[in-house]
Amino acid sequence: MNSHYVITMNGKVLICYGTRYGSAGEIAEHIGETLQGHGAVIDIINLKKDKVNHLEDYDIIVVGSGIQMGKWTKESLKFLKKNRAILSQKKVALFVSCMSAVQQDKCNQARRDYLDNVAADFPDINPFSMGLFGGLLDSTRGNFMTKTIMQALVKSLAENDDAPQERVDLRDWEQIRIWAEGLLEYPFDL
Ligand SMILES: Cc1cc2nc3c(=O)[nH]c(=O)nc-3n(C[C@H](O)[C@H](O)[C@H](O)COP(=O)(O)O)c2cc1C
């Protein structure tokens with residue numbers, strides 16, 4: 001029988017992420033604030049810095065990553081791999097932060113490459129929701145190589161000859177909030 005699962009005040013959500021430049025972390029915070037506003041208890045973990053304990057305690061586990069050269073962070077992939085057995089018993093959602101999410105000609109392929117294909121690598125996990133979000137292009141951060149690539153990415157987005165901006169935030173916070181709220185209610189077999 002299909003029913004709805006609505007998280008209660010006691011529902012616990014883990015949001016863990018891997019990031020190279022900070023974007024996925026800020027998205028994780030925004031998801032966390034949204035869910036907290038609905039009464040969920042939230043833990044947010046940067047997988048590069050902290051370990052996750054007691055996965056069994058969580059009702060929903062959200063795993064996110066920034067994308068670089070088409071790849072997730074190794075921390076997020078390692079987390080999925082290491083915990084695949086317990087994650088297969090849990091409600092899992094995935095998200096990524098990348099530039100292609102906002103490019104009309106690239107976003108469908110990005111969803112396939114960065115979400116569908118990654119989920120397919122862990123068939124036992126079977127995520128119930130996957131969010132494709134824009135990224136942050138900040139050419140003031142990182143080493144020379146990163147800054148140069150960021151500048152090139154910003155330039156590729158510009159529609160005219162205006163001087164490219166140093167920092168372009170492609171994240172749609174309203175889209176992320178709506179996606180987060182969608183995690184709280186979804187059909188599943190009782
Ligand atoms: C070196 C570099 C490579 C990138 N490669 C891709 C890419 O292959 N596909 C894409 O959509 N975005 C790409 N981006 C944009 C990033 O995904 C975007 O900046 C994102 O916000 C990074 O997330 P993070 O800060 O959480 O690591 C790249 C950015 C940099 C600096």
Side-chain angles (χ1 to χ4, degrees), residues 13-35 42-52 61-83 92-122 127 129-159 162-180 183:
V13 181
L14 170 67
I15 306 163
C16 54
Y17 66 91
T19 184
R20 299 178 181 94
Y21 313 106
S23 171
E26 289 171 2
I27 291 173
E29 295 287 339
H30 195 64
I31 294 168
E33 280 163 23
T34 302
L35 299 183
I42 304 297
D43 285 328
I44 300 178
I45 299 279
N46 178 345
L47 293 167
K48 206 171 211 169
K49 294 188 176 157
D50 293 307
K51 281 215 164 80
V52 180
I61 297 173
V62 181
V63 186
S65 180
I67 297 294
Q68 178 172 283
M69 303 298 183
K71 302 276 182 229
W72 275 48
T73 58
K74 59 180 185 309
E75 294 83 16
S76 298
L77 287 176
K78 202 168 142 194
F79 176 83
L80 291 174
K81 195 170 174 187
K82 184 177 162 205
N83 299 295
V92 174
L94 306 180
F95 77 85
V96 290
S97 169
C98 64
M99 179 172 125
S100 316
V102 300
Q103 295 175 293
Q104 246 184 7
D105 55 334
K106 295 198 177 135
C107 63
N108 289 339
Q109 189 62 45
R111 181 168 283 281
R112 281 192 288 275
D113 290 345
Y114 308 153
L115 290 167
D116 296 345
N117 289 350
V118 170
D121 285 341
F122 302 94
S129 183
M130 296 197 282
L132 180 75
F133 305 131
L136 176 65
L137 305 177
D138 185 349
S139 58
T140 65
R141 283 194 200 172
N143 59 23
F144 176 76
M145 181 65 89
T146 305
K147 283 180 180 160
T148 309
I149 294 174
M150 287 284 194
Q151 278 162 5
L153 293 178
V154 170
K155 208 170 168 190
S156 74
L157 285 176
E159 281 173 4
D162 289 351
Q165 293 166 265
E166 283 190 326
R167 190 178 183 278
V168 179
D169 192 344
L170 302 168
R171 294 165 298 182
D172 178 343
W173 299 109
E174 180 70 354
Q175 177 208 6
I176 295 164
R177 181 187 65 74
I178 290 167
W179 182 80
L183 301 179

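For ligands, and for the atoms within them, numbers begin at 1 and follow the listed sequence. Treat the numbers as computed from the prediction; the structure is a model and nothing was measured.
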From [X] [atom1] over to [Y] [atom2], what is the distance, rounded to the nearest 0.5 angstrom?
| X | Y | atom1 | atom2 | value |
| --- | --- | --- | --- | --- |
| Ser65 | Leu77 | OG | CG | 6.5 Å |
| Ser76 | Phe95 | OG | CZ | 8.0 Å |
| Leu153 | Leu137 | CG | CG | 5.5 Å |
| Thr73 | Glu75 | OG1 | CD | 5.0 Å |

Which is it for [X] and ligand 1 at heavy atoms under 4.0 Å: side chain, backbone, both or neither?
| X | answer |
| --- | --- |
| Tyr114 | side chain |
| Ile149 | side chain |
| Leu170 | neither |

Starting from [atom], what is the nearest protein heavy atom, named by residue and atom, and what distance separates them?
| atom | result |
| --- | --- |
| atom 19 (O) of ligand 1 | Leu136 O, 2.8 Å |
| atom 14 (N) of ligand 1 | Ile67 O, 3.6 Å |
| atom 12 (N) of ligand 1 | Met99 N, 3.2 Å |

Numbering the atoms of ligand 1 from 1, which are under 4.0 Å from a heavy atom of [X]?
| X | answer |
| --- | --- |
| Met150 | 19 (O), 31 (C) |
| Ser100 | 9 (N), 10 (C), 11 (O) |
| Ser23 | 21 (O), 23 (O), 24 (P), 25 (O), 26 (O) |
| Gly66 | 23 (O), 24 (P), 26 (O), 27 (O) |
| Thr19 | 24 (P), 25 (O), 26 (O), 27 (O) |
| Arg20 | 24 (P), 27 (O) |
| Met69 | 3 (C), 4 (C), 5 (N), 6 (C), 7 (C), 8 (O) |

Taking atom CD as the centre, does Gln175 end up with more than 12 heavy-atom neighbours from other residues, nucleotides or ligands that are less than 6.0 angstrom away? yes
Salt bridge present between Glu33 and Arg177 (N-O < 4.0 angstrom):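 Arg177 and Glu33: not salt-bridged.
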Minimum heavy-atom separation for Ser23 and Leu136, please, with both atom names. OG-N, 3.8 Å
Below 3.5 Å, N or O to N or O, backbone or side chain included: is there any such pair between [X] and ligand 1?
| X | answer |
| --- | --- |
| Gly18 | no |
| Gly22 | yes |
| Leu153 | no |

Of all the heavy atoms in Gly70, does at least one lie under 4.0 Å from an atom in ligand 1? yes
Hey, what's the ring geometry for Phe133 with Trp179, parallel, tilted or perpendicular (30° and 60° as the breaks)? perpendicular
Does any N or O in the side chain of Arg141 come within less than 3.5 Å of the main-chain N or O of Tyr21, such that one atom is a donor and the other an acceptor?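 Pair found, side chain donor or acceptor close to backbone of Tyr21.
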Answer yes or no: is there a donor N or O on one side and an acceptor on the other, between the side chain of Trp72 and the main chain of Tyr114, under 3.5 Å?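 Looks like yes, one N/O pair under 3.5 Å.
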Let's go through Arg171 and Trp173 carefully: what are the C-alpha distance in whole Å and the side-chain angles of both, what is the deciding distance for side chain to side chain contact (heavy atoms under 4.5 Å, CB included) to 0.1 Å, and is it a yes or a no? CA-CA 6 Å; Arg171 294 165 298 182; Trp173 299 109; 3.5 Å; yes
Which option, Ser97, Ser65, Ser76, Ala28, owns the non-hydrogen atom nearest atom 22 (C) of ligand 1?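 Closest candidate by heavy-atom distance is Ser97.
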